[in-house]
Amino acid sequence: MKEIKVMVFEGNLAEMARQGMHDAVLQDRFSQQKGSTVQQFAYTCSMKRDEVRTVFGQTESVVVDFSIRVMRADEKLFYEKLEDQASSHYSFVFNGVFDHGCMKYYDNAITVDGYVVDVEEKASNDRQQALLFVKILARQLTYVHRDGSELVLGISGDS
C-alpha cells in the first residue's frame, strides 16, 4: 500500500490552482519550508437527505482535527489564530512534490476556510519541538484535484 504524505500550509491552495502555480508569491507561500507534515488528520462531512436520499440544504458543521510536529518557534501561529475574529485558510496537500523547495505537483488537496477553535500542545522528548493538536471549525471546504478542478462545500451556519 502506498504511503500518503500530507502537509498543511496556511493559505488558499484552491486560489493558487485557479491562478496557476507559476506565481512566485503563491509558490513561496506553499514552499516546503513553510509547510508542516501532518501526523494525524480527520474530519467528518455530512449533508441532509430527504426520504428519497436526495441531498438538500447546507453541509452540517465540520470540525477538522489534525496534529503536526512543529519547532517551538513556529507553534505561535495556531495560538494567535485562536484569538482572530476572521476566518483563515489552511490547505492540506496530499503527496506534494517539491523541486528546490517549491511545490511543483500534488495529488489532491483540501482547502479549509475556518476558525481555529482549539490548540493543545504535547511536549516532545526533543525540547526544540512540540506536537500540536489543532481543531478548525470549517466555514467552507474546497476539494482541489491535481488537474485544477474543484468541489466547494458550504457549511451551515455560515453567514
Side-chain angles (χ1 to χ4, degrees), residues 5-49 55-94 96 98 101-103 106-124 127-145 148-159:
K5 184 175 182 181
V6 182
M7 292 187 76
V8 63
F9 298 87
E10 184 180 19
N12 188 340
L13 184 69
E15 185 66 28
M16 181 178 175
R18 276 185 233 116
Q19 293 181 9
M21 294 183 71
H22 304 295
D23 184 293
V25 172
L26 290 173
Q27 275 193 351
D28 178 60
R29 178 174 288 168
F30 293 94
S31 68
Q32 191 170 17
Q33 187 176 17
K34 293 195 177 169
S36 297
T37 300
V38 174
Q39 306 292 310
Q40 296 175 325
F41 175 79
Y43 73 100
T44 302
C45 189
S46 62
M47 297 182 82
K48 296 177 185 172
R49 295 182 182 270
V55 174
F56 71 94
Q58 291 286 317
T59 305
E60 298 295 320
S61 294
V62 174
V63 175
V64 178
D65 293 291
F66 65 98
S67 63
I68 56 174
R69 188 168 306 283
V70 297
M71 299 303 290
R72 291 220 179 254
D74 297 331
E75 69 187 16
K76 63 184 176 189
L77 167 71
F78 292 104
Y79 285 111
E80 289 171 355
K81 295 296 182 181
L82 274 169
E83 297 176 5
D84 278 356
Q85 298 297 316
S87 65
S88 297
H89 288 91
Y90 301 93
S91 295
F92 295 85
V93 176
F94 298 87
F98 297 86
C102 292
M103 188 180 341
Y106 58 91
D107 280 348
N108 295 292
I110 299 173
T111 296
V112 178
D113 176 14
Y115 306 93
V116 174
V117 293
D118 189 40
V119 178
E120 184 180 323
E121 180 178 335
K122 182 177 178 186
S124 171
R127 293 184 179 201
Q128 299 299 314
Q129 293 186 350
L131 186 60
L132 293 184
F133 296 89
V134 182
K135 293 180 187 271
I136 299 173
L137 178 61
R139 290 181 52 213
Q140 179 175 294
L141 298 175
T142 304
Y143 298 95
V144 184
H145 192 267
S149 62
E150 56 184 65
L151 170 66
V152 178
L153 294 177
I155 311 297
S156 62
D158 186 24
S159 44

How close do R139 and S87 get, heavy atom to heavy atom, and via which atoms? NH1-OG, 2.8 Å
Please list, chain by chain and in numerical order, all residues satisfying side chain to side chain donor-acceptor pair (under 3.5 Å) with E150, sequence neighbours excluded. R18
Can you check whether V64 reaches F92 side chain to side chain, under 4.5 Å on heavy atoms? yes
Quick one: OG on S31 to CZ on F9, what's the gap to the nearest 0.5 Å? 7.0 Å
Give every residue pair that meets the salt bridge (charged side-chain N to carboxylate O under 4.0 Å, His left out) criterion with at least one member in residues 38-47, sequence neighbours excluded. none
The salt bridge (Lys or Arg N to Asp or Glu O under 4.0 Å) partners of K135 (sequence neighbours excluded) come to D65
Point-to-point distance, once rounded to the nearest 0.5 Å, from CD1 of I136 to CG of D118: 11.5 Å
Set of residues satisfying side-chain contact (heavy atoms from CB on, under 4.5 Å) with respect to T111, sequence neighbours excluded: N12, L13, A14, H89, S91, T142, V144
Contacts of T44 meeting side-chain contact (heavy atoms from CB on, under 4.5 Å) (sequence neighbours excluded), chain-then-number -> none
Those residues at least two apart in sequence (or on a different chain) that pass side-chain contact (heavy atoms from CB on, under 4.5 Å) with R69 are Q39, S124, Q129, L131
Would you give the length of the straight line joining atom NZ of K81 to atom OH of Y115, rounded to the nearest 0.5 angstrom? 12.0 Å
Answer yes or no: is there a side-chain heavy-atom contact under 4.5 Å between V134 and V116? yes
Going by the rule side-chain contact (heavy atoms from CB on, under 4.5 Å), which residues pair with I68 if we only count those two or more places apart in sequence or in a different chain? V8, S36, V38, F66, V70, F78, L132
Nearest heavy-atom contact between S67 and F133 is CB-CD2, 3.6 Å
What pairs with K5 under salt bridge (Lys or Arg N to Asp or Glu O under 4.0 Å), at least two apart in sequence or on another chain? none
Salt bridge (Lys or Arg N to Asp or Glu O under 4.0 Å) filter on D107, not counting sequence neighbours, yields K2, R146
Closest non-hydrogen contact found for A109 with V93 is CB-CA, 4.2 Å
My understanding is that only residues two or more places apart in sequence, or in another chain, count here; which of them pass ring pair (Phe, Tyr, Trp, His ring centres under 6.0 Å) with Y43? F41
If every non-hydrogen atom of Y79 is compared with every non-hydrogen atom of E120, which pair is closest and at what distance? OH-C, 4.5 Å
